[in-house]
Amino acid sequence: MKIVLFDAHRYDRESFTAANHDRAHELAFLEPRLTAATAPLCAGHDVVCAFVNDRLDAEVLAAVRRAGIRLVALRSAGFNHVDLAAAARLGLPVVRVPEYSPYAVAEHTVALVLSLVRKIHRAHARVREGNFSLEGLVGFDLHGKTVGLIGTGKIGRVAAKIFAGFGCTVLAHDKYPAADPAITYVSLDELYARADLISLHVPLTRETHHLIGPAAIERMKPGVILVNTGRGALIDTRAMIGALKRGRLGGAALDVYEEEEGIFFEDLSGQVLQDDVLARLLTFPNVIITSHQAFLTREALAAIAETTLASVTAFARGEPLVHAVR
Ligand code: NAI
């Protein structure tokens with residue numbers, strides 16, 4: 001099938017070309033994000049392959065359908081950016097990659113936590129400047145701390161094991177608790193009251209949008225560290241900034257940001273940053289931000305490409321789409 005990939009980077013080209021070694025499909029890699037303006041570029045292709053900051057609202061889906069697209073293949077696990085009702089109305093099946101490497105995301109979560117609490121981001125910048133002072137770099141042990149995980153799906157469960165390995169007490173909250181005796185489930189209130197560090201691993205839905213807002217923050221331990229490698233809008237960013245300013249939050253480690261579309265994945269280093277909220281966040285010494293890179297390991301990229309192409313092959317053969325999003 002003819003597949004057009006939007007927001008495609010060099011690493012996508014490499015992983016998809018490798019996964020398509022039998023040349024079963026024809027791949028076109030496009031740099032622009034999928035939007036209403038770029039949707040006509042789908043013409044002449046059967047499948048549109050999109051990532052997390054591509055726009056898949058009703059208008060864009062109608063445009064890609066008009067351009068001849070018959071399948072939407074998300075090369076992500078999250079599908080909060082897709083208007084599924086509109087896709088269904090248009091008769092456009094949507095597939096995703098429900099699991100590629102929960103280790104990639106869980107390990108990045110822990111990397112962010114360690115960097116933040118041991119101030120590695122500040123130490124690295126200092127040492128490069130020839131400043132070998134340790135003033136202001138006092139961190140704390142993870143051992144003996146209580147970690148609260150919200151969401152114990154594939155990623156949350158791996159994170160639970162890693163934090164337990166550090167000697168942390170791991171508490172968890174999930175709408176659908178797993179039958180895993182190693183995980184101690186508590187109410188959200190208890191998690192907020194007891195955790196020294198809270199990490200988010202739930203999908204972004206209407207229910208979880210701004211899950212962490214002013215009321216939730218007030219229920220947390222003073223000085224708690226907030227970690228988000230889920231989706232930006234799980235946190236009310238302005239409320240988080242207020243709490244960081246007051247010292248109510250002890251720090252934040254973020255791989256996602258609610259207004260990341262058009263910013264993350266782009267090199268804006270030569271431009272004036274127009275997003276004042278993100279600009280404020282970047283001023284805190286106790287905030288560390290990566291630009292949605294938790295998924296970015298060789299293993300995860302290979303799995304994403306293989307699963308996506310397998311879904312396209314199944315679609316071409318008229319076989320059931322096991323990774324369809326409904
Ligand atoms: P999953 O589907 O395996 O687990 C999600 C868990 O959240 C489930 O156990 C579910 O019961 C729970 N949940 C759903 N709604 C809830 C609610 N309202 N309250 C409490 N629990 C709720 O998903 P997985 O693979 O663990 O991924 C989690 C999220 O991580 C994804 O939805 C995605 O948004 C994000 N993600 C981020 C990546 C990155 O690069 N930063 C990469 C991959 C995923």
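Below, each value reflects all heavy atoms present in this structure, side chains not excepted, and no hydrogens, waters or symmetry copies. Note that ligands are numbered from 1 as they come in the structure, with each ligand's atoms numbered from 1 the same way. When a residue number appears, it is its place in the shown sequence, counting from 1.
- Counting protein heavy atoms only, atom 21 (N) of ligand 1 is closest to Lys175 N, 3.1 Å.
- Atoms of ligand 1 lying under 4.0 Å from at least one heavy atom of Phe295, given by number and element, are 40 (O).
- Leu34 places none of its side-chain heavy atoms less than 4.5 Å from the side chain of Arg55.
- In His292, the part holding a heavy atom less than 4.0 Å from any atom of ligand 1 is the side chain.
- At a heavy-atom distance under 4.0 Å, no atom of Asn80 approaches ligand 1.
- When heavy-atom distances to ligand 1 are checked against a 4.0 Å cut-off, Ile155 comes that close through both its backbone and its side chain.
- When heavy-atom distances to ligand 1 are checked against a 4.0 Å cut-off, Tyr100 comes that close only through its side chain, counted from C-beta outward.
- When each atom of ligand 1 is checked for a heavy atom of Asp255 under 4.0 Å away, the hits are 39 (C), 40 (O), 41 (N).
- The shortest contact between atom 8 (C) of ligand 1 and any protein heavy atom is with Asp174 OD2, 3.4 Å.
- Contact annotation for Val105 and ligand 1: only side-chain heavy atoms (C-beta onward) come within less than 4.0 Å of the ligand.
- Atoms of ligand 1 lying under 4.0 Å from at least one heavy atom of Ala294, given by number and element, are 39 (C), 40 (O), 41 (N).
- Side chain of Ser115 to main chain of Ile120: no donor-acceptor pair is present (N/O by atom type, distance under 3.5 Å, no hydrogens or angles).
- The shortest side-chain heavy-atom distance between Val64 and Leu92 falls under the 4.5 Å cut-off.
- The nearest protein atom to atom 35 (C) of ligand 1, hydrogens excluded, is given as Gly230 O, 3.6 Å; this is a heavy-atom distance.
- In this structure, Leu204 does not count as a contact residue of ligand 1, since none of its heavy atoms falls inside 4.0 Å of the ligand.
- Residue-level proximity to ligand 1 for Lys154 is carried by backbone and side chain together, each with a heavy atom below 4.0 angstrom.
- Clustering ILVMFWY residues whenever any of their side-chain heavy atoms sit less than 4.5 angstrom apart, transitively, puts Ile217 in the very cluster that holds Tyr257.
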